[in-house]
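Nothing fancy with the numbering, it's 1 onward along the sequence. Quick caveat, the model's predicted, so the values are computed rather than measured.
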Amino acid sequence: MSDLVGKEENGVLKLQKSLSQITEENSDLAKELDYITKEEIILAIKKISEELGLEISFTYDNLKNDIK
């Protein structure tokens, strides 16, 4: 399916993204936001643990480069 869908009204051709393209973009953006949120939470937990003198590590730190 094409990324753009054409529609003619009153002699004017309007192009817009197809629903499949919009769905794919939204999915990609949702994944990006999810990764950012996880990284922010991990950073916050690390800062708190440093203040408490605790050492905490996350398996996500090892995986995040593979995800991006």
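Distance check, rounded to the nearest 0.5 Å: OG1 of T37 to CD1 of I42 gives 11.0 Å. Summarising the geometry, atom CD belonging to Q16 is positioned 12.5 Å from atom CD belonging to Q21; distances are rounded to the nearest 0.5 Å. One finds the CG atom of L52 at 12.0 Å from the CD1 atom of I45 (value rounded to the nearest 0.5 Å). Atoms CG and CG, from N26 and L33 in turn, are 10.5 Å apart once rounded to the nearest 0.5 Å. In this structure, OG in S49 is found 4.0 Å from CD1 in I56, a value given to the nearest 0.5 Å.
When hydrophobic clusters are built by joining Ile, Leu, Val, Met, Phe, Trp and Tyr residues whose side-chain heavy atoms come closer than 4.5 Å, directly or via intermediates, L43 is not grouped with I41.
Residues F58 and K38 form no side-chain contact, since every pair of their non-hydrogen atoms from C-beta on lies 4.5 Å or further apart. Contact check for K17 versus E25: side-chain heavy atoms found under the 4.5 Å cut-off.
At distances below 3.5 Å, not a single donor-acceptor pair connects side-chain atoms of S27 with backbone N or O atoms of T23.
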